[in-house]
Amino acid sequence: MLGNELMKIGGFWQIDFGGIATVNIPKNVQFDIEQLAKMLDLYLVEIID
């Protein structure tokens, strides 16, 4: 469900190496990833290019 919403705003996600989730969110989108991570009890590493 979250992946579908992400694709609607122009982002995408994929699973790498059998367990690493890669999520790409467009720069121009207001998206509070920290709030989402807290809700889902996720620990995220951010890589910015």
Side-chain angles (χ1 to χ4, degrees):
M1 184 167 51
L2 179 58
N4 291 337
E5 292 302 314
L6 184 60
M7 288 188 292
K8 285 180 186 176
I9 61 171
F12 71 92
W13 66 279
Q14 63 190 35
I15 303 297
D16 299 310
F17 303 110
I20 299 171
T22 301
V23 178
N24 291 280
I25 303 167
K27 288 182 179 182
N28 61 343
V29 174
Q30 295 293 327
F31 189 82
D32 191 352
I33 191 72
E34 290 178 17
Q35 180 182 359
L36 176 64
K38 187 175 182 179
M39 284 180 4
L40 299 176
D41 195 30
L42 298 174
Y43 299 94
L44 305 175
V45 175
E46 183 177 14
I47 300 172
I48 300 174
D49 187 340

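Position 1 is the first residue of the sequence, and the numbers go up from there.
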query: Does Val29 share a hydrophobic cluster with Leu6, counting links as ILVMFWY side-chain heavy atoms below 4.5 Å and allowing steps through other members?
result: yes
query: Are Ile15 and Ile25 joined in one hydrophobic group, where the rule is that I, L, V, M, F, W and Y side chains link up if heavy atoms are under 4.5 Å apart?
result: yes
message: Are Phe12 and Ile9 linked, directly or through intermediate hydrophobic residues, by side-chain heavy-atom contacts shorter than 4.5 Å (ILVMFWY only)?
response: no
query: So how far is it from Asn24 CG to Met7 CE, rounded to the nearest 0.5 Å?
result: 12.5 Å
